[in-house]
Amino acid sequence: MSIHNFYDSDTTDQLAQQMLGMLLTYESPNGLVGGRIVETEAYMGEQDSAAHAFQGKRTASNEPLYGPAGTVYIYSIHGKYLLDVATQSPDEPQGILIRAIEPTIGQEIMYRNRPRSGVELTNGPGKLMAALGIAEKTMNFEIIGEGKLNIDVHDRWQPRRVQESGRIGVSIGEWTDRPLRYYVSHNPYVSGIKRNEVNIANFGWI
DNA sequence: ACACGGATATTCT
DNA sequence: GAATATCCGTGTA
């Protein structure tokens, strides 16, 4: 197995865009669940004022960011659990936050995990983790694809258009307005998308 | 002990 | 739509 993989094959912002459409799956105790990635954010490491590793900040909880490309980084905020994948070489603490998925596998299981209607199932980073049924950090330091969490880089739906914007919840430093959030234009599972932006016919896929 | 955050739910005009 | 209320793990003290 090579030490190089998708997660160090390009700059982190480029990787975040390329992840849109990929199939994310989790072999949960209740069965296989997952869906298509429709929204991501890139965090560019020590120089990025919004990143957990800004200025080299390194603690027990953000340590997975310093792991090799593809390391799972689950962290909690406001009592929720969020999913990141570390990018670039070890000790280069960049990463990508998975912000929303369009559910395609095990939807019944996910609606049981998170009893909300429609897009409310997975249209946010904490929501999608609750839907998958992940509420702990035990998968930290695993390499994505080597455990129960997987992102299939070869199984990718093609977005008609990729849209970018500033990152959500980021309000400090000069990186606040950098367009490092990416989403599938017109997809209903994108967080905060307006109803009249949704393309009900194709959900924004080719 | 305590303040706060890469969020979400609820409660209003 | 916008303004709270609440979530609880984490970092610093």
Side-chain angles (χ1 to χ4, degrees), chain A residues 7 11-13 15-17 19-20 24 35 37-67 71-88 92-103 110-141 144 149 151 163-184 188-198:
Chain A
Y7 300 97
T11 57
T12 299
D13 54 334
L15 295 175
Q17 299 179 57
M19 287 172 75
L20 296 175
L24 168 73
I37 297 172
V38 299
E39 180 179 351
T40 58
E41 281 178 0
Y43 287 85
M44 306 302 284
E46 309 190 357
Q47 27 164 133
D48 181 351
S49 58
H52 287 170
F54 180 48
Q55 294 179 331
K57 181 165 174 277
R58 187 167 186 162
T59 66
S61 77
N62 77 359
E63 182 65 26
L65 276 177
Y66 291 82
T71 300
V72 171
Y73 171 43
I74 296 171
Y75 69 97
S76 66
I77 184 163
H78 296 275
K80 319 291 179 188
Y81 289 82
L82 278 60
L83 174 63
D84 269 49
V85 180
T87 60
Q88 312 308 334
E92 183 61 49
Q94 303 188 27
I96 295 166
L97 169 64
I98 312 297
R99 282 196 55 89
I101 64 172
E102 176 184 328
M110 290 195 280
Y111 278 112
R112 209 177 309 142
N113 290 338
R114 184 177 149 77
R116 306 285 148 149
S117 62
V119 300
E120 280 294 309
L121 183 64
T122 53
N123 68 347
K127 298 176 186 180
L128 78 89
M129 287 291 270
L132 295 176
I134 302 172
E136 51 181 27
K137 310 203 303 177
T138 53
M139 288 186 288
N140 263 332
F141 298 108
I144 196 95
L149 256 183
I151 294 172
Q163 195 92 345
E164 49 183 65
S165 80
R167 292 168 292 183
I168 306 294
V170 167
S171 55
I172 35 162
E174 56 226 73
W175 285 67
T176 300
D177 298 321
R178 292 280 276 263
L180 293 171
R181 169 177 177 250
Y182 307 98
Y183 59 93
V184 177
Y189 289 90
V190 171
S191 69
I193 196 169
K194 300 181 188 76
R195 294 195 71 178
N196 61 0
E197 284 182 36
V198 171

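Note on naming: letters A, B, ... go to the chains in the order of the sequence lines (proteins, then strands), and numbering restarts at 1 for each one.
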Relative to A/Tyr182, does A/Arg99 satisfy both conditions: NZ or CZ under 6.0 angstrom from the six-membered ring centre, and within 45 degrees of the ring's axis?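 Geometry flag: not set, cation outside 6.0 Å or 45°.
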
So, is [X] near the phosphate of [N], with a side-chain N or O under 4.0 Å from OP1 or OP2?
X        : N      : result
A/Lys80  : C/dT6  : no
A/Arg114 : B/dT8  : no
A/His52  : B/dG6  : yes
A/Lys127 : B/dA9  : yes
A/Thr59  : C/dG11 : yes

[atom1] of [X] versus [atom2] of [N]: gap in Å, rounded?
X        : N     : atom1 : atom2 : value
A/Leu128 : B/dA7 : CG    : C1'   : 12 Å
A/Arg181 : B/dA7 : CZ    : P     : 11 Å
A/Arg116 : B/dA7 : CZ    : P     : 17 Å
A/Ile77  : B/dA3 : CD1   : P     : 17 Å
A/Asn123 : B/dT8 : CG    : P     : 8 Å
A/Asn62  : C/dG9 : CG    : P     : 18 Å
A/Gln94  : B/dG6 : CD    : P     : 18 Å
A/Leu121 : B/dT8 : CG    : C1'   : 14 Å

Salt bridge flag under 4.0 Å for residues A/Arg181 and A/Glu164: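 Salt bridge flag = no for A/Glu164 with A/Arg181.
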
Would you call A/Tyr73 and A/Ile144 a side-chain contact if the rule is heavy atoms closer than 4.5 Å?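 The answer is no, as the side chains (C-beta and beyond) never meet within the 4.5 Å cut-off.
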
Donor-acceptor pair (no angle test) under 3.5 Å: A/Tyr75 side chain, C/dG9 base: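 Check fails, no donor-acceptor contact within cut-off.
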
Within the 4.0 Å heavy-atom criterion, would you say A/Leu82 contacts the bases, only the backbone, or no part of the nucleic acid?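 Sugar-phosphate only.
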
Taking the minimum atom-to-atom distance to the side chain of A/Ser76, which one of C/dG9, C/dG11, B/dA7 wins?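 Closest nucleotide to the A/Ser76 side chain: C/dG9.
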
When you match A/His78 and A/Gly192 each to their closest nucleotide on DNA chain C, which lands nearer the 5' end?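 On the 5' side of the pair lies A/Gly192.
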
Only one of A/Lys137, A/Lys57, A/Arg58 passes salt bridge (charged side-chain N to carboxylate O under 4.0 Å, His left out) with A/Glu63; say which it is.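 Only one option passes, and that is A/Arg58.
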
Shortest non-hydrogen contact from A/Val72 toward A/Leu149: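 Taking every non-hydrogen atom into account, CG1-CD1, 4.3 Å.
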
Quick check: closest heavy atoms across A/Thr11 and A/Gln88, and the distance to 0.1 Å?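 Answer, listing the atom of A/Thr11 first, then A/Gln88: C-NE2, 3.8 Å.
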
Output, in order, the C-alpha distance, side-chain angles, deciding distance and verdict of ring-ring contact (aromatic ring centres under 6.0 Å, His included) for A/Tyr43 and A/His52. CA-CA 8 Å; A/Tyr43 287 85; A/His52 287 170; 7.1 Å; no

Dot-bracket encoding of pairs in DNA chain B, which uses [ ] for pseudoknotted crossings and | for another strand, Watson-Crick or G-U under 3.5 angstrom: |||||.||||||.

List the residues meeting ring pair (Phe, Tyr, Trp, His ring centres under 6.0 Å) with A/Tyr81, not counting sequence neighbours, and say none if there are none.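 Listed in chain order: nothing, the list is empty.
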
Mapping A/Glu120 and A/Tyr73 onto DNA chain B by nearest heavy atom, which one lands closer to the 5' end?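 In this pair, the answer is A/Tyr73.
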
